[in-house]
2 protein chains.
Amino acid sequence: MANINPIRRAEIGREKRARTRAQLIEAGHALFAKQAVESVTVDDLIKEAGVAKGTFYVHFDGLEALIAAVAEDLVQSFDELLQSGRTSITEPALRIAFGCSSFIDKAREDPRWAAVAARIAATSPKGAESVRRRLFEDLQQFSQGLPDDGSAELRLEIVVGIMLQILRALSEGRLSSLDRNQVIAAILRAIGIDARHAESVIARLSAVSPVL
Amino acid sequence: MANINPIRRAEIGREKRARTRAQLIEAGHALFAKQAVESVTVDDLIKEAGVAKGTFYVHFDGLEALIAAVAEDLVQSFDELLQSGRTSITEPALRIAFGCSSFIDKAREDPRWAAVAARIAATSPKGAESVRRRLFEDLQQFSQGLPDDGSAELRLEIVVGIMLQILRALSEGRLSSLDRNQVIAAILRAIGIDARHAESVIARLSAVSPVL
DNA sequence: AGTCATATTGACTTTATGGTCGAAATGACT
DNA sequence: AGTCATTTCGACCATAAAGTCAATATGACT
């Protein structure tokens with residue numbers, strides 16, 4: 001009789017589970033990239049993932065749970081994207097510029113990612129909350145620096161609004177010849193940085209994150 | 001035997017139809033204000049409208065047709081909103097400022113309208129297209145006026161992005177103490193108008209459209 | 001080759017949704 | 001009160017989607 005090490009058994013199981021779960025999440029990305037999140041069904045998902053229906057319910061309680069998992073996956077990709085600048089840049093305006101330019105670069109090289117990010121952001125405000133919060137903190141710090149009126153709350157909506165729209169445009173094939181720095185400049189001016197200062201931030205940005 | 005005037009008959013019928021149709025569209029507004037367009041069902045609609053299922057199909061071929069009708073209804077409300085400024089204002093920047101401020105005023109006094117407008121804009125690009133086009137024409141004209149680089153296409157996405165996000169924020173109860181002119185100023189700066197000139201546009205805007 | 005903990009499967013049940021149609025209601029008119 | 005063009009009604013059917021679970025497959029190990 002074969003009495004196998006139960007710890008090893010569990011490990012093998014975990015790996016298999018993880019692979020299948022990843023397939024399901026990947027299928028979510030693929031589908032959310034081409035249709036509204038609310039219109040995706042469990043059957044769509046399992047067909048796309050090449051998996052049986054029961055398997056879906058082993059991994060997720062329902063569609064909401066899968067959407068949340070895709071959102072989490074996305075947030076993780078944001079973190080990886082922003083990690084390099086997060087620690088090294090201290091000036092708020094440059095931090096914001098760096099974050100936005102990272103998003104734009106990523107969106108240009110991976111329009112599917114842009115589509116999913118825009119859709120998920122519109123769907124589950126909970127998932128997008130962590131990204132919003134970090135941006136908001138930068139904006140609060142930035143707002144202290146100038147005597148200008150205008151709340152960090154409003155600036156937050158403005159930056160988020162522009163970025164989401166750019167993501168949507170890129171994912172839908174518009175703005176194919178987009179100049180990244182023009183977007184950054186517009187954002188910086190919108191939140192109250194004068195045109196001259198905006199250019200200087202962009203110049204420094206190019207050193208941290210060269211234009212593609 | 002009563003042989004009634006058939007023309008009069010038709011007229012009565014038309015009025016009744018129109019009322020029921022309006023109920024259905026109103027139900028659409030109510031539902032789209034609180035949930036994703038794609039998640040609304042025919043049963044939701046008829047329950048909200050207080051009407052039988054068959055009646056729905058007498059008036060609309062299906063959900064898509066109703067969504068289109070709601071979108072059209074919305075575009076009509078845009079037209080009414082913008083009509084006064086449309087003819088009298090010729091300066092592009094001021095026209096844009098006027099349009100945006102009209103939207104913001106409307107959204108503040110009717111958050112439900114804001115929610116529906118934002119959702120429909122995201123759903124049916126066809127419906128939003130007429131509004132986009134007019135804004136784009138103003139932006140093209142505006143772009144000619146200055147030696148600045150940057151395309152009208154990009155400016156369009158920026159203005160639309162900010163406006164949609166403001167609509168969303170207002171409809172979700174954020175930015176309750178919003179200063180309309182701060183948003184307009186941010187938009188004008190974002191599209192390349194320097195801060196001083198933006199203030200002058202806003203000053204003139206106040207004459208055309210007084211702050212609430 | 002045989003074992004067994006674990007994961008996967010897909011047929012099945014239930015519920016939700018889209019869509020149809022003959023019957024009933026409406027209401028202005030005589 | 002009776003007529004009739006027109007609209008509305010809601011029970012009904014067919015299909016789609018959600019959700020369940022006993023049976024089957026997997027694969028590392030002896």
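Sequence lines set the chain letters: A, B, ... in the order given, protein chains first and strands last, and positions in each chain run from 1. Just so we're clear, the structure is a prediction, and the values are computed from it rather than from any experiment.
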TODO: Answer yes or no: is there an ion pair linking A:Arg133 with A:Asp138, defined by an N-O contact shorter than 4.0 Å?
DONE: no

Task: Backbone N/O of B:Arg168 and side chain of B:Arg174: donor-acceptor pair under 3.5 Å - done: no

Open item on the list: In this structure, how many angstroms lie between the C1' atom of C:dG18 and the CD1 atom of B:Ile67, rounded?
Closed with: 14 Å

Report all interatomic pairs (protein N or O, nucleotide N or O of nucleotides 8-11 of chain C) with separations under 3.5 Å.
residue : atom : partner : partner atom : Å
C:dT8   : OP1  : A:Thr20 : OG1          : 2.1
C:dT8   : OP2  : A:His59 : NE2          : 3.0
C:dT9   : OP2  : A:Ala52 : N            : 3.1
C:dT9   : OP2  : A:Thr55 : OG1          : 2.8
C:dG10  : O6   : A:Gly54 : N            : 3.1

Open item on the list: Under a 3.5 Å distance rule, please check whether A:Ser209 uses its side chain to pair with a backbone N or O of A:Ser206 as donor and acceptor.
Closed with: no

- [ ] Whole angstrom is fine here: how far is it from CD in A:Glu64 over to P in D:dA18?
- [x] 12 Å

Task: Side-chain (B:Thr123) to main-chain (B:Arg119) donor-acceptor, under 3.5 angstrom - done: yes

Task: Length of the line joining B:Leu24:CG and D:dT7:P, which is rounded to integer Å - done: 15 Å

Open item on the list: In this structure, how many angstroms lie between the C1' atom of D:dA18 and the CG atom of A:Asp44, rounded?
Closed with: 13 Å

- [ ] Output the distance between atom CG (A:Asp105) and atom OG (A:Ser102), rounded to the nearest 0.5 Å.
- [x] 6.5 Å

Open item on the list: Is a donor from one side chain sitting under 3.5 angstrom from an acceptor on the other, for A:Asp44 and A:Thr41?
Closed with: yes

TODO: Report the distance from atom CZ of B:Arg14 to atom C1' of D:dA5, rounded to the nearest whole Å.
DONE: 13 Å

Task: Residues in contact with DNA chain C, drawn from residues 26-43 of chain B - heavy-atom cutoff 4.0 Å - done: B:Thr41, B:Val42, B:Asp43

Task: Whole-Å gap separating P (D:dT8) and CD (B:Gln23) - done: 9 Å

TODO: Can you tell me the distance, in whole Å, between the CG atom of A:Leu63 and the C1' atom of C:dA16?
DONE: 14 Å

Task: d(OH, A:Tyr57; P, D:dA22) in whole Å - done: 18 Å

Open item on the list: Counting neighbours of CD on A:Glu109 that are heavy atoms of other residues, nucleotides or ligands and sit closer than 6.0 Å, is the number greater than 12?
Closed with: yes

Open item on the list: Rounded to the nearest 0.5 Å, what separates atom CG in B:Leu164 from atom CD in B:Glu157?
Closed with: 10.0 Å

Task: Sidechain N-carboxylate O distance under 4.0 Å for B:Glu72, B:Lys126 - done: no

